[in-house]
Novice: 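Quick one: the structure is below, questions incoming.
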Protein chains: 2
Amino acid sequence: MEPKGTVLIADDEADIVEILSYNLQREGYDVYTAKDGLDALDKAKAFKPDLIVLDIMMPYKTGIEVCQTLRRTAGFEDTVIIMLTALSDEGTQIQGLDGGADDYVTKPVSPKVLVSRVNAFFRRMGKMDEPKIIRLGNITIDPIQFLVTLNEEQIMLAKKEFELLYLLASKPGRVFLRNEILSMVWGTDVIVGDRTIDVHIRKIRQKLGIDCITTVKGVGYKFDW
Amino acid sequence: MEPKGTVLIADDEADIVEILSYNLQREGYDVYTAKDGLDALDKAKAFKPDLIVLDIMMPYKTGIEVCQTLRRTAGFEDTVIIMLTALSDEGTQIQGLDGGADDYVTKPVSPKVLVSRVNAFFRRMGKMDEPKIIRLGNITIDPIQFLVTLNEEQIMLAKKEFELLYLLASKPGRVFLRNEILSMVWGTDVIVGDRTIDVHIRKIRQKLGIDCITTVKGVGYKFDW
DNA sequence: CGGGTGCCTAAGCTGATGCTCAGGTTATTT
DNA sequence: AAATAACCTGAGCATCAGCTTAGGCACCCG
């Protein structure tokens, strides 16, 4: 199944994270987890999730603080944020929504409820992320015409190269793990070595002539602008 | 249900886009959305919709500007444009119609009204849509006379060749996948090999004498100008 | 009945493409 | 600074996708 979207779960209670993570993964989402407020911020910036589940009570930074910080960060204007509140405390809920959260769920959390809320948001976002022309600075990536344009000049990319570039550029700044890249570009069934990715990255780099793909050693690659 | 046509909705208010999009999709239209003026231009060029719903007040470019730009763009002479005006401001309406809009609807928009207007235009276009003369540079493709003209010179194409060329030229620049071509030219029931497409492409190329069809390896073909 | 035309397939050819490997380079760790 | 891990590079090679040619079948028309 194609991944439906990327979700980040941030909570300091490991068993809650685990159970939610498990259920969301079963629904077909790409799930990342964070165990405190600072971790959540890091992971959010690294993976650019479409949706974030934030517990309010977390070490170092509360969910509300994380939420407010993110809303002031470029690239997170459209990220959906769902708050988890330990008590059905009205005041806290309001505070959460004021801070820019899109929804809140009270603990104890039923996995079913959380999953259905998440599904609802993705449904609402709908087909928004279908074949979309990506425009970043002087680069244009057009999956309909299968064309990459750099400074008005057309650049021919091979199929795999194009798919790889499109994936990275679809979430600029987000780090894609090597096995994420493998499963999204090559599919889960095909088995190719890790070096294969390097080689394709290199071809893209030399064809584009500019260095817009950054290597994150030990992790993966990201499109940087 | 066969898609009745392609519609693009451009408005910066997400909930309006959503509600209109939902209603039009239920009617059987292929719906794409854009969230500002520039986005609308991109999407219009990418998807070549039959009809565009344009809000006037949008970031970057107003609906009126988008409309005027499109009217000056090759391939959008016949695209129906419906304007959304926030106020029933007479002046704005006139300005919109002068800019080349075909109709206007005042906000707040009733989905029912909008849908019926859209339906009306598609009904009016009716069969207009199919036999339409395509003119691209010095090539003319006339599905009524079944005739291709290149630099005033008539070129005889066989039936399949003509249909194939007509399909590609109907959305110049867009890549058609091999199975798209198969299903649209040959139909879903007939099973013919992949090589058949190559051979027909080749005949078209040599009959036309110019290279207007580009091969996208591993993907398909596109008409390029 | 032949000859012409359109459509499809088979099969060899070719260049592009995708993959792997081995050695070199860079970054990180200790 | 040495050791280690991770990545880059260049070369080589097998495969693939598309191009091309040739030929067969079906249909139409004289």
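Within every chain, numbering begins at 1; the chains are lettered A, B, ... in the order of the sequence lines, protein sequences first and strands thereafter.
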Novice: Assess, by modelled atom type and distance only, whether the side chains of B:D142 and B:Y166 contain a donor and an acceptor separated by less than 3.5 Å.
Specialist: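 No.
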Novice: Quick one: label B:F162 by what it contacts on the DNA or RNA (base, sugar-phosphate, nothing), any heavy atom closer than 4.0 Å.
Specialist: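 B:F162: no heavy atom of the nucleic acid under 4.0 Å.
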Novice: Which residue pairs satisfy the salt bridge (Lys or Arg N to Asp or Glu O under 4.0 Å) criterion with at least one member in residues 144-159 of chain A, sequence neighbours excluded?
Specialist: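 For residues 144-159 of chain A, and leaving out neighbouring residues, the salt bridge (Lys or Arg N to Asp or Glu O under 4.0 Å) pairs sorted by first residue read A:K159-A:E163.
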Novice: Tell me whether the NZ or CZ atom of A:R174 lies within the 45° cone about the ring axis of A:F176 and under 6.0 Å from its centre.
Specialist: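 Here A:R174 passes the 6.0 Å and 45° test against A:F176.
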Novice: For residues 169-177 of chain A, which residues have at least one heavy atom under 4.0 Å from DNA chain D?
Specialist: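 Hits under 4.0 Å, by residue number: none.
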Novice: Using ring centroids (six-membered ring only for Trp), state whether B:F47 and B:Y32 fall under 6.0 Å.
Specialist: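 Ring centres of B:F47 and B:Y32 closer than 6.0 Å.
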Novice: Check side-chain hydrogen bond (donor to acceptor under 3.5 Å, both in side chains) between A:R202 and all other residues, then give those that pass, not counting sequence neighbours.
Specialist: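 By the side-chain hydrogen bond (donor to acceptor under 3.5 Å, both in side chains) rule, A:R202 matches no residue at all.
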Novice: In this structure, which one of B:V118, B:I9, B:T33 forms a side chain to side chain contact (heavy atoms under 4.5 Å, CB included) with B:L20?
Specialist: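 For B:L20, the side chain to side chain contact (heavy atoms under 4.5 Å, CB included) test succeeds with only one of B:V118, B:I9, B:T33, which is B:I9.
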Novice: Between protein and nucleic acid, restricted to nucleotides 16-23 of chain C and to nitrogen or oxygen atoms under 3.5 Å apart, what atom pairs and distances do you find?
Specialist:
{"from": "C:dG18", "atom 1": "OP1", "to": "A:K160", "atom 2": "N", "distance (Å)": "3.0"}
{"from": "C:dC19", "atom 1": "OP1", "to": "A:W186", "atom 2": "NE1", "distance (Å)": "2.9"}
{"from": "C:dC19", "atom 1": "OP2", "to": "A:W186", "atom 2": "NE1", "distance (Å)": "2.8"}
{"from": "C:dC19", "atom 1": "OP2", "to": "A:H200", "atom 2": "NE2", "distance (Å)": "3.2"}
{"from": "C:dT20", "atom 1": "OP2", "to": "A:G193", "atom 2": "N", "distance (Å)": "2.9"}
{"from": "C:dT20", "atom 1": "OP2", "to": "A:T196", "atom 2": "OG1", "distance (Å)": "2.6"}

Novice: Just the endpoints, please: which first and last nucleotides of DNA chain D, 5' to 3', lie under 4.0 Å from a heavy atom of chain A?
Specialist: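 In short, chain A contacts DNA chain D from D:dA6 to D:dG10.
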Novice: Ignoring hydrogens and geometry beyond distance, is a side-chain donor-acceptor pair present between B:Q25 and B:S21 at under 3.5 Å?
Specialist: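 B:S21 and B:Q25 do have a side-chain donor-acceptor pair below 3.5 Å.
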Novice: Nearest whole Å is fine: how far is C:dG6 C1' from B:Q206 CD?
Specialist: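 Interatomic distance, CD of B:Q206 to C1' of C:dG6: 14 Å.
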Novice: Would you name the heavy atoms of B:K43 and B:P49 that are closest together and state the gap between them?
Specialist: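 Minimum heavy-atom separation between B:K43 and B:P49: O-CD, 4.5 Å.
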Novice: side-chain hydrogen bond (donor to acceptor under 3.5 Å, both in side chains) with B:D42: which residues, sequence neighbours excluded?
Specialist: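 In terms of side-chain hydrogen bond (donor to acceptor under 3.5 Å, both in side chains), with neighbours along the sequence ignored, B:D42 is linked to A:R135.
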Novice: Side chains of A:D12 and A:Y60: any donor to acceptor distance under 3.5 Å?
Specialist: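 Their side chains do not contain a donor-acceptor pair, so the 3.5 Å distance test is not met.
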